[in-house]
Amino acid sequence: SMAPGVGEFFTFPGLTVSGPCRMMVFEGVVGGPMDRWTDVGSPEEQLERSLAILREHFPHEAGNFAGAELTDDGATLLGRITPTVRSAVGELGNGKLVFGLGDAVVLNDPLTGQGSNNATLAAKYYLDSIVRRGQQPFDRHWMERTFDEFWRGWGQWAVEWTNDLLKPRRDHQKTLLSEAAEHPALAASIVNGFDDPRTSYPWWFDPTAAADFMQARKEEDTSAFDVRDFRSALGQFATGVTVVTTVSADGRKVGMTANSFTSVSMDPPLVLWCPSKRAPSLGDFEEATHFAINILASDQHVLSRQFATPATDKFAGVETVEGIAGVPLLDGAVATFQCRTVSRHDAGDHVIYVGEVESYNHDGGAPLVFHGGKYHATASHPDF
């Protein structure tokens, strides 16, 4: 529950040493009506103050906690958070380096619950980088590059989204929230932002994108199939992952992640891919004469996420070389196909792009695989 100018209240189940419980979380605007905790001296006083705030600002929730009791003497917690992003690399007095992780480096307001996400995902990024590093030293350059990879792939999106939720709601966001009460697909999309803030871009921030997004989610609620379930069924077909790139009329590098890629013909050499009609960069591909299909390696999952999330510069930190017609080619891809667009075909909510391959290269290696909504690495079948 949200109360403009006051704060938020949410609840979720938990498990303590004394058994299951129901957690109560209050996020108050600094200096606002809920900022009333400095005189609380005991867990019992904190519970009583919590119930008083519920009755005053969230009466529809108060009845659910009328008989609330503390699970134990350690059942309460108070604190203030200032969102902060620090340098990921610290230097000790003896000159040795320490590599920061989680809240020690990226500290978000707990409103959006991103603390655990940041910690576990940073650990995963770090582990992948350590494995790739092998026996080489873990020096400052490696630490900074590894954190930058995490920041580009996850951290920056969680920070911007969390900080935005601390601001007053803008008109298009109020509309999103009110419409979500009537449209389950839209409600699910908003809730999914807490699992992956990158899915909230750009529609949570941009009024035009929000209008298009709402319309699309409303259409899902009236479609012949449950769209999410249908998408899940289609996801049982394992695919590779590509980043399709081109160059815009004004010289900007353009790219988007796609797994809708397949070969079409050997003579002439044709391939196709299918971007969504709602893709922000679709206009750039329509104006371009050429595009490139970059098939990602298994250790390039960060690039897959990076190019799947709207951003001012998706190519930040990405090494490229210039291909035919100035199209950027991604370094490290297991294969790259440089294509001239020969035809476009309308296909429902997507467009089919057919390209003739004018040049290609394949350095080999293990490809990135997408199946069942998750990334996977390939392995030889045990029967072969």
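FYI, side chains are in, hydrogens and waters are out, and symmetry mates aren't considered; it's all heavy atoms of this structure.
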Transitively linked via ILVMFWY side-chain contacts under 4.5 Å: [X] with [Y]?
{"X": "Val342", "Y": "Val264", "result": "yes"}
{"X": "Ile324", "Y": "Val254", "result": "no"}
{"X": "Val89", "Y": "Phe147", "result": "yes"}
{"X": "Ile130", "Y": "Tyr125", "result": "yes"}
{"X": "Leu282", "Y": "Val354", "result": "no"}

Say whether [X] and [Y], considering side chains only, have a donor N or O and an acceptor N or O under 3.5 Å apart.
{"X": "Thr246", "Y": "Asp284", "value": "no"}
{"X": "Ser1", "Y": "His60", "value": "yes"}
{"X": "Ser18", "Y": "Thr16", "value": "yes"}

Identified ring-ring contact (aromatic ring centres under 6.0 Å, His included) partner of Trp161 from the options Phe194, Tyr201, Trp154: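 With Trp161 as partner, Phe194, Tyr201, Trp154 yield a single ring-ring contact (aromatic ring centres under 6.0 Å, His included), made by Phe194.
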Could you pull out all residues at least two apart from [X] that satisfy side-chain hydrogen bond (donor to acceptor under 3.5 Å, both in side chains)?
{"X": "Lys314", "result": "none"}
{"X": "Thr289", "result": "none"}
{"X": "Asn64", "result": "Glu61"}
{"X": "Gln114", "result": "Asn117"}

My understanding is that only residues two or more places apart in sequence, or in another chain, count here; which of them pass salt bridge (charged side-chain N to carboxylate O under 4.0 Å, His left out) with [X]?
{"X": "Arg170", "value": "Asp164"}
{"X": "Asp109", "value": "none"}
{"X": "Glu45", "value": "none"}

May I ask you to check whether over 12 heavy atoms, not counting those of [X], lie within 6.0 Å of atom [atom1]?
{"X": "His141", "atom1": "NE2", "result": "no"}
{"X": "Asp73", "atom1": "CG", "result": "no"}
{"X": "Arg133", "atom1": "CZ", "result": "yes"}
{"X": "Gln236", "atom1": "CD", "result": "yes"}

Non-hydrogen side-chain atoms of [X] and [Y] separated by less than 4.5 Å:
{"X": "Arg22", "Y": "Thr11", "answer": "yes"}
{"X": "Asp346", "Y": "Lys277", "answer": "yes"}
{"X": "Gln173", "Y": "Lys167", "answer": "no"}
{"X": "Arg217", "Y": "Trp203", "answer": "no"}
{"X": "Asn294", "Y": "Thr242", "answer": "no"}

Once you measure the plane-to-plane angle for [X] and [Y], does it fall in the parallel (<30°), tilted (30-60°) or perpendicular (>60°) bin?
{"X": "Phe26", "Y": "Phe9", "result": "tilted"}
{"X": "Phe291", "Y": "Tyr353", "result": "perpendicular"}
{"X": "Phe10", "Y": "Phe12", "result": "parallel"}
{"X": "Phe307", "Y": "Phe315", "result": "perpendicular"}
{"X": "Phe99", "Y": "Trp142", "result": "perpendicular"}

From CA spacing to verdict: side-chain contact (heavy atoms from CB on, under 4.5 Å), Thr336, Leu330: CA-CA 8 Å; Thr336 302; Leu330 303 187; over 6 Å; no
Residues Arg55, Glu48: salt bridge by 4.0 Å N-O rule: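 Salt bridge between Arg55 and Glu48, a charged N being under 4.0 Å from a carboxylate O: yes.
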Which residues share a side chain to side chain contact (heavy atoms under 4.5 Å, CB included) with [X], sequence neighbours left out:
{"X": "Lys124", "answer": "Asp128"}
{"X": "Ala366", "answer": "Ser298, Thr378"}
{"X": "Arg305", "answer": "Asp196, Arg198, Tyr375"}
{"X": "Asp206", "answer": "Thr208, Ala209"}

What distance do [X] atom [atom1] and [Y] atom [atom2] have between them, rounded to the nearest 0.5 Å?
{"X": "Leu270", "Y": "Ser343", "atom1": "CG", "atom2": "OG", "result": "8.0 Å"}
{"X": "Leu101", "Y": "Thr120", "atom1": "CG", "atom2": "OG1", "result": "9.5 Å"}
{"X": "Glu149", "Y": "His301", "atom1": "CD", "atom2": "NE2", "result": "6.5 Å"}
{"X": "Leu47", "Y": "Met24", "atom1": "CG", "atom2": "CE", "result": "6.5 Å"}
{"X": "Ser189", "Y": "His183", "atom1": "OG", "atom2": "NE2", "result": "12.0 Å"}

Ser265 side chain vs Asp267 backbone, donor-acceptor pair below 3.5 Å: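 It does hold such a pair.
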Expected output: side-chain Ser178 to main-chain Thr175 donor-acceptor under 3.5 Å: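 Indeed, once roles are kept as given, a pair shorter than 3.5 Å links the two residues.
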Trace of the side-chain contact (heavy atoms from CB on, under 4.5 Å) decision for Arg49 with Asp39: CA-CA 10 Å; Arg49 183 63 51 84; Asp39 61 335; 3.0 Å; yes
Step-by-step side-chain contact (heavy atoms from CB on, under 4.5 Å) determination, Thr146 to Arg132: CA-CA 11 Å; Thr146 299; Arg132 293 196 302 269; over 6 Å; no
Pairwise side-chain hydrogen bond (donor to acceptor under 3.5 Å, both in side chains) hits with a residue in residues 358-370, at least two apart: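 Sorted result for residues 358-370: His290-Glu358, Arg340-Glu358.
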Stepwise side-chain contact (heavy atoms from CB on, under 4.5 Å) check, Phe58 with Met34: CA-CA 11 Å; Phe58 307 100; Met34 275 174 58; 3.8 Å; yes
Sole candidate of Leu107, Asp103, Asn108 that passes side-chain contact (heavy atoms from CB on, under 4.5 Å) when paired with Ile81: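 Answer after filtering Leu107, Asp103, Asn108: Leu107.
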